[in-house]
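See below for the structure under consideration.
In what follows, every chain begins at residue 1, and chains take the letters A, B, ... in the order their sequences are listed. Predicted, not measured: the structure shown is a model, and the values here were computed from it.
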6 protein chains.
Amino acid sequence: MFMPRKVLEEKLVQLLAEDVGQGDVTTTALAPSELTVEAEVVAKDTGIAAGVEEAVILMESLGLKVEVNVGDGKAVKKGQTILRVKGDARTILCSERTVLNLLSRMSGIATMTRKLVEKLRDAKLDTKVAGTRKSALGLLYFDKKAVLIGGGDPHRLHLDDMVLIKDNHVVVAGGVEKAVKKAKMYSSFTKKIEVEVTKVADAVEAAEAGADIIMFDNFSSKQVKQAIESLEKAGFLGKILLEVSGGITEDSLLEYASTGVDVLSMGSLTHSVKAFDISLEICQIH
Amino acid sequence: MFMPRKVLEEKLVQLLAEDVGQGDVTTTALAPSELTVEAEVVAKDTGIAAGVEEAVILMESLGLKVEVNVGDGKAVKKGQTILRVKGDARTILCSERTVLNLLSRMSGIATMTRKLVEKLRDAKLDTKVAGTRKSALGLLYFDKKAVLIGGGDPHRLHLDDMVLIKDNHVVVAGGVEKAVKKAKMYSSFTKKIEVEVTKVADAVEAAEAGADIIMFDNFSSKQVKQAIESLEKAGFLGKILLEVSGGITEDSLLEYASTGVDVLSMGSLTHSVKAFDISLEICQIH
Amino acid sequence: MFMPRKVLEEKLVQLLAEDVGQGDVTTTALAPSELTVEAEVVAKDTGIAAGVEEAVILMESLGLKVEVNVGDGKAVKKGQTILRVKGDARTILCSERTVLNLLSRMSGIATMTRKLVEKLRDAKLDTKVAGTRKSALGLLYFDKKAVLIGGGDPHRLHLDDMVLIKDNHVVVAGGVEKAVKKAKMYSSFTKKIEVEVTKVADAVEAAEAGADIIMFDNFSSKQVKQAIESLEKAGFLGKILLEVSGGITEDSLLEYASTGVDVLSMGSLTHSVKAFDISLEICQIH
Amino acid sequence: MFMPRKVLEEKLVQLLAEDVGQGDVTTTALAPSELTVEAEVVAKDTGIAAGVEEAVILMESLGLKVEVNVGDGKAVKKGQTILRVKGDARTILCSERTVLNLLSRMSGIATMTRKLVEKLRDAKLDTKVAGTRKSALGLLYFDKKAVLIGGGDPHRLHLDDMVLIKDNHVVVAGGVEKAVKKAKMYSSFTKKIEVEVTKVADAVEAAEAGADIIMFDNFSSKQVKQAIESLEKAGFLGKILLEVSGGITEDSLLEYASTGVDVLSMGSLTHSVKAFDISLEICQIH
Amino acid sequence: MFMPRKVLEEKLVQLLAEDVGQGDVTTTALAPSELTVEAEVVAKDTGIAAGVEEAVILMESLGLKVEVNVGDGKAVKKGQTILRVKGDARTILCSERTVLNLLSRMSGIATMTRKLVEKLRDAKLDTKVAGTRKSALGLLYFDKKAVLIGGGDPHRLHLDDMVLIKDNHVVVAGGVEKAVKKAKMYSSFTKKIEVEVTKVADAVEAAEAGADIIMFDNFSSKQVKQAIESLEKAGFLGKILLEVSGGITEDSLLEYASTGVDVLSMGSLTHSVKAFDISLEICQIH
Amino acid sequence: MFMPRKVLEEKLVQLLAEDVGQGDVTTTALAPSELTVEAEVVAKDTGIAAGVEEAVILMESLGLKVEVNVGDGKAVKKGQTILRVKGDARTILCSERTVLNLLSRMSGIATMTRKLVEKLRDAKLDTKVAGTRKSALGLLYFDKKAVLIGGGDPHRLHLDDMVLIKDNHVVVAGGVEKAVKKAKMYSSFTKKIEVEVTKVADAVEAAEAGADIIMFDNFSSKQVKQAIESLEKAGFLGKILLEVSGGITEDSLLEYASTGVDVLSMGSLTHSVKAFDISLEICQIH
């Protein structure tokens, strides 16, 4: 998910601008215009840092000097300093909340993703954990990058990068087989074709029609096993990627993973984020 | 938080555009270009609907016909239809996720806010529940509106609408008293002045300096009571608004509220949203 | 009205871009591409400098070196140099008018504001002079900042930062009392509530309903006095802020101020600006 | 200055959006969401209406019904209704100030322009009155259109539409003759070339070098006459357009015009606008 | 490449706005403001129509009535009417060039693509013709859609939708094998992985490393055959997609196609477009 | 066509951003984040370099170091290095295509323009070659600048910079004479007036009505001669500029030029660009 710094900077400055509105009235009244301060961005919890690159780009573009103590993807402990920043007091005070909102959402996503990824690794399973497009509007890039930093797979980035046939597409196309065939006929050769199936019986139909990936939608782990058996019988196992989506929790993760599917995707990673608690403290005034 | 429909429409279309990228490759391949379908937006959980106005504005701007079954702020039960939409199949399929992301985030915020508001009302307390600026970047308007729909107070909308002196401002200004006095001297008469205090002792200092609102930051309910007692002795009770912020949970809500403060603000309302589960199902093809 | 330099820079560069269109055809034809020149921005009148920070940010963002001789809010005499700028000749020629338009509008506003503020100060009155939202579209930030630099109060910054009940709101709400009560019930606790009254009789009604600020709209100074007397009798004097708006001129300023109101707001400060005459002269070619 | 309605609409909605910020908190609290009202936009002064087309486009794009009583360029008397508008109360209240700011600036410019144009016409002079680029930033289109509506010439629209050699260009190019010759050599054949001269002696030099238009910068009327005499002797009279700019006032207008120049351009038309007083009154509630 | 009409409309209106600048001065002077006319958009050449949907969306968004005679992808003959449009004369005159530029570029691309596609079809070959990212900046969507309308494959839409390992990536990664393996390890499972090879020997290496698609870069048809033979020996034929890119012309098309590769991609389709000649003629004035 | 670097930078970064989408997935997977490389931008053909300034501005704004070997307007031979760039590998890989698309379109335009310009110069003719508005949407600035670099005249830049009366305007205005007279009456004195004529007979009519420039639309060289004779007889020759447009090819260029017209404008210069072949090769890894 590399993006040139300048492109990212423009996005970030625009997000800050929205928060600033017609000016920061508190900082205007309270902070002198030529004051230099130093501040620390400190974790109030234990987890995985994410959004650090973005925080640095934003703050540096504002003329602040930033020193990174805990980089993206590294574990951070409660009380540990993630960043040190030095520069114009007004600029730091005015951008504080934007920086923290970015860091705490992204670190929250990365922390949960990492937890799940490690749970699988500890169980010696190489199933992937993936995000979905169930994200905060406008923040897709940041949410997906946080999943990646946590060790997960970002999955589809928006509507133009893969063919993902959902239930409603199947309805419109007239069934799984027709949908996959139509997709193969009318899509670019550059795209993978994934299809969501809602019944065990549809899995083989999807595979026969030529899908690259099959997503079992809201299947119990038992149903997943049945679907895999059918695919095995039909000779598709190992030739097609298998994903489960819907209803997977931290608790049921291993149960689903042990069925042998390749990917477990979880909307909750980005639609129900638990913010990671981070604060910024001014520690020195020059 | 009224905003002319056209202004809101532009924001929403831009959010959709980001998700579309260079085009919806799945819909292109699978849905015929002149097909009309009907779909239902259905709650998969029980809670408070929010984002309905936004969903309608977005879908209508795309040329779809929408019928509202459960309006903003109304209770919705699991399985209940919130909206019915009719129109071009490709347009519905392409905007589905944007509409659902909007509805599930906003309904999630409204549902939690309403739960807390009703808990207070049931306990015959008229303490307000308020949001904060700890929100998803770029979605402040939607997050604040959802708090409002849930029955909460949106609090400050961004950096230009009130003077809110946070800990770092106090540090820069050289103490609570100096900070409040500076704020009174250099701010517009149109702004209320709120100051965050971190010690019981600072509460009276803040009141004497002329603050309109005092925020007790990360106080235990016991500390809140002590602060209120000090303010009472000093004759400020009833003349100044009192807010608690930091560390309030669903469980400790009543304990804090029963201290007699006016407002309980909770960052978790918008920084750690639990998405409300909603789906869109195509139910008829014309 | 602090805004991070980078955010302001983007606004300013966009304003310049509009003036440039598809390119500066005069400068292209006449100025060599590698020429360095020095220029002076000189006052052609006597007044108060404003827009200097903006001019510096814009010119520095274009790669020019700028030296400030008279900063924002300082008095400047006819013939005095405000800024010295050095750099690429084409860039200076191409941005000259944008820089001057900014400086002359903002300095014009600051000069008039300061004149009124000093008139009050000389008369030992501490009445505030305030701006309004009667401004040039899109330039609210710059107009308000110029009022502030002149020593005035910026008043409301746009529609989201205070509740200001105007005559038409009163009509829709069904009277002053109802309007104020509705505002208190449905607005955030973070907002002050101001109400515009058009009759002496309404002043007490507004105060009793709980307004924080009362604006006497198009009152004669005699009517203002009557309103103040009524408020005094009702015990509200000193507990509520009083503002007069409408029809105040430089001549009637002291008469209104001597009634004892807190604020005199004047639309003409920003809707009928007399531009401050400033020019840019290239003084050296390298 | 025709611009497709849709293009203009986007500009206008963006200007409104800036004023709205995160929402109109007053209207939200006071006006019910389904209320229809009627309002009149009334002149509080006598002059020339301008900005009417823009006001209509903006209000119609917001879903309001508008009836025009006094169109662009028509004389309007104090107390006369310019527009009648009907529709959603919240939308009218929220867009009121944007509409009025547009109308009062543009009508102010048109009123002054017309006054000068008529003064010349009454004196049987066909000299043109023209605007300049000394305008409010970002509002060039609106300011120029208002000049046009008032009967003036908009002059250059921005930096790409003609070659206008100003004093600083002459300095950089090394004299009037060199500047004009360079312009003729390096500019597109589609552009007129105008040059600003600061001395009588430069007028003939400019004409000989091939300028299409000569601008006498800050000349007294006497100097203008001398320059015209020189041009006459040199055989250029009638073959080149002559413009005076700088220091022209309502009082000196006829004196300058009677010298026989073709155009009098005045920065004050757009840099020192006297707003035309207009208000919006809700007159009926449905 | 479906995109909701409203999203496309915004893109198109923005492109028009750039051409309009500060207003269409010719139309302003010449066309009355209330005149309705009818016009025909006529092909001056024979080929394939494309851009029709975009032209309709733009013109309808401007309030014009449009009737389509030849839709996207249909053959059009010299002299044939593609569209009939009726509406405001000024709007038609002002948008004419934008509409024609869109239609003639897109139809030019579609015409050439179709020509190549039919050449292959006539030779009973099912090789695909594909575009590349060698396009006009900012027009990727339109260029790709035109390729699609012509019967070609749009290939990658931008940098986020597939992994395409070009020569420079191979250099940075340290060889074809390492590059493909790294791509498989660090990319999302949702992406196909294509690798560009510059030597016959690299083809098998790429296949063994697990590439989904191999692109033969600037290969002669003889080299392509050799590469295919190697892949056949190694057992990869039919299991991996093969693409040739670089140096393919209309003349060498069949020679390359007959080697048995799956895709022939040609930068010239979009980087060296021959515009399709189309004009707009006003045919009736109301 | 000078534009301040910062303004141009914003345009260029926006064009890059569109290509990047949600991130460059190939570069993310393959290039380490701290790697510095050097690359050369090499011509694969012989022609005229253009777009070099833009490439430098874009790459420098991304933090890369660029060294120019062949500047804008200089001849470049096949195999010659145009630019050397050094910096972050990911940034170079991600911006490669945007930079090359810019350079190859602009150099393609400049190369063809120069070829025609030199053909005329070699024939000792001083006829100008000019571009038109038949350009790629949104790229007008770049296309026009490339024409200029090639030695051509950019002609009109968009709709606001000159009055160009096309056939459809003539139809609406009711004939050539009426059209030109209307244009003279209602246009700013700052604009030249050009009129397109389609019959020999209209040329004198246009001249008599006062046009500054006459464009012979789709005339044979014989018709051009006839028109010139008519104009000569009527005494207009040398007093009015003459342009031919439509159907001019490289072959017929001299034939048209030898008629004595001043300008030959050719849509093909920008609507049917042959891209100049340029590639970027990483040559060193640090």
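When every heavy atom of T26(E) is checked against every heavy atom of R156(F), the shortest pair comes out as OG1-NH1, 4.0 Å. Nearest heavy-atom pair across V172(E) and V37(F) is CG2-CG1, 4.4 Å. Annotation for S272(E) and A275(F): closest pair OG-N, 2.8 Å, computed over non-hydrogen atoms. Closest approach of A136(E) and L139(F) over heavy atoms only: CB-CD1, 3.8 Å. Of all non-hydrogen atoms in A183(E) and A29(F), the two that sit nearest each other are CA-CB, 4.2 Å. The two residues E18(F) and H158(E) have their closest heavy-atom pair at O-ND1, 3.4 Å.
Taking a 6.0 Å sphere around NZ of K192(E), one finds it holds more than 12 heavy atoms contributed by other residues, nucleotides or ligands. Applying the 6.0 Å contact sphere to NZ of K274(E) captures no more than 12 heavy atoms from other residues, nucleotides or ligands.
Interface remark: of the candidates V25(F), D167(F), L15(F), D19(F), D19(F) forms the most heavy-atom pairs closer than 4.5 Å to chain E. Contact count against chain E (heavy-atom pairs under 4.5 Å) is highest for I165(F) among L100(F), L140(F), I165(F). Top candidate by heavy-atom pairs under 4.5 Å with chain E, chosen from E96(F), Q22(F), H169(F), is H169(F). Here A179(F) is the residue among S268(F), G267(F), A179(F) with the most heavy-atom pairs under 4.5 Å with chain E.
Interface remark: I92(F) contributes no atoms to any contact with chain E (heavy atom separation under 4.5 Å). At a 4.5 Å heavy-atom cutoff, the contact between I285(F) and chain E is made by side-chain atoms alone. With a 4.5 angstrom heavy-atom cutoff, S104(F) does not touch chain E via any of its atoms. If you measure heavy-atom distances from K11(F) to chain E, the contacts under 4.5 Å come from the side chain alone.
Side-chain contact between R105(F) and H271(E) is absent, with no heavy atoms from C-beta onward closer than 4.5 Å. Side-chain contact check for Q284(E) versus V171(F): every heavy-atom pair is 4.5 Å or farther apart. Using a 4.5 Å heavy-atom threshold, the side chains of C94(F) and L159(E) count as touching. With a 4.5 Å cut-off on side-chain heavy atoms, L102(E) and L137(F) count as touching.
For the atom pair CG of N168(F) and CD1 of I282(E), the computed distance is 4.0 Å after rounding to the nearest 0.5 Å. Atoms NZ and OG1, from K182(E) and T28(F) in turn, are 11.5 Å apart once rounded to the nearest 0.5 Å.
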